[in-house]
Amino acid sequence: DEWIALARDFMKRGDHRMALRAWFLANLSFLGSRELLAISRSKTNLDYLRELRRRARSVSGLEGLFAGNVRSFENAWYGRHPVGDEDVNLFAANFERMRSLAP
């Protein structure tokens, strides 16, 4: 996936904040490709969480992983939370767990 490659490139350059953003967009892209989300510029992250809750009821654990990634992204992107290797690696690990859970 292009977003994952971009995230890894940002990590190599030490831009953890942008790496986290690219991982977040990879999350959305993946869930959209599985038809668990309908991507739209007008939607908020809360809208995506609600939609995933409705569409992925049968996929245990998926909503919690995505909610954790949304929280991490929002803390880094909209807040003043510093982002380091550990934050990005945890986000990526959650994404990989999501990929293994999604149908």
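All figures in this text were calculated on a predicted structure; none of them were measured in a lab.
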Report task. Taking atom CZ of R57 as the centre, report whether more than 12 heavy atoms of other residues, nucleotides or ligands fall under 6.0 Å from it. Result -> no
Requested in this report: Give a yes or no on whether W3 atom CH2 has more than 12 heavy-atom contacts from other residues, nucleotides or ligands under 6.0 Å away.
Outcome: no
Any side-chain heavy atom of [X] within less than 4.5 Å of one from [Y]?
{"X": "F66", "Y": "L62", "value": "no"}
{"X": "D85", "Y": "M11", "value": "yes"}
{"X": "I4", "Y": "W23", "value": "yes"}
{"X": "N45", "Y": "F24", "value": "yes"}
{"X": "F30", "Y": "D1", "value": "no"}

Is a donor on one side and an acceptor on the other found under 3.5 Å between the side chain of [X] and the backbone of [Y]?
{"X": "K12", "Y": "A7", "result": "no"}
{"X": "R17", "Y": "V83", "result": "no"}
{"X": "S29", "Y": "L25", "result": "no"}
{"X": "D9", "Y": "L6", "result": "no"}
{"X": "E51", "Y": "A38", "result": "yes"}

Requested in this report: Please determine, by modelled atom types, if H16 and D87 share a side-chain donor-acceptor pair under 3.5 angstrom.
Outcome: no
Query raised in the report: Taking atom types as modelled, is there a side-chain donor on T44 or D47 under 3.5 Å from an acceptor on the other?
Result: yes
Rounded to the nearest 0.5 Å, how far does [atom2] of [Y] lie from [atom1] of [X]?
{"X": "L52", "Y": "L36", "atom1": "CG", "atom2": "CG", "result": "6.0 Å"}
{"X": "E63", "Y": "L49", "atom1": "CD", "atom2": "CG", "result": "7.0 Å"}
{"X": "S40", "Y": "L28", "atom1": "OG", "atom2": "CG", "result": "11.5 Å"}
{"X": "N69", "Y": "F91", "atom1": "CG", "atom2": "CZ", "result": "3.5 Å"}
{"X": "E74", "Y": "L46", "atom1": "CD", "atom2": "CG", "result": "8.5 Å"}
{"X": "L65", "Y": "N94", "atom1": "CG", "atom2": "CG", "result": "5.0 Å"}

Query raised in the report: When you check the gap from the basic side-chain N to the acidic O, do R99 and E96 get nearer than 4.0 Å?
Result: yes
Query raised in the report: Do you know which two heavy atoms are closest between A22 and F10, and how far apart they sit?
Result: CB-CD1, 4.4 Å
Query raised in the report: Given the rule that I, L, V, M, F, W and Y join up when any side-chain heavy atoms are under 4.5 Å apart, are I39 and L31 in one cluster?
Result: yes
Requested in this report: Start with the C-alpha gap between V70 and Y48, add the side-chain angles, then the distance that decides, and say whether side-chain contact (heavy atoms from CB on, under 4.5 Å) holds.
Outcome: CA-CA 9 Å; V70 167; Y48 287 130; over 6 Å; no
Query - E35/R55 under salt bridge (charged side-chain N to carboxylate O under 4.0 Å, His left out): CA gap, chis, key distance, verdict - result: CA-CA 8 Å; E35 297 183 2; R55 292 186 178 195; over 6 Å; no
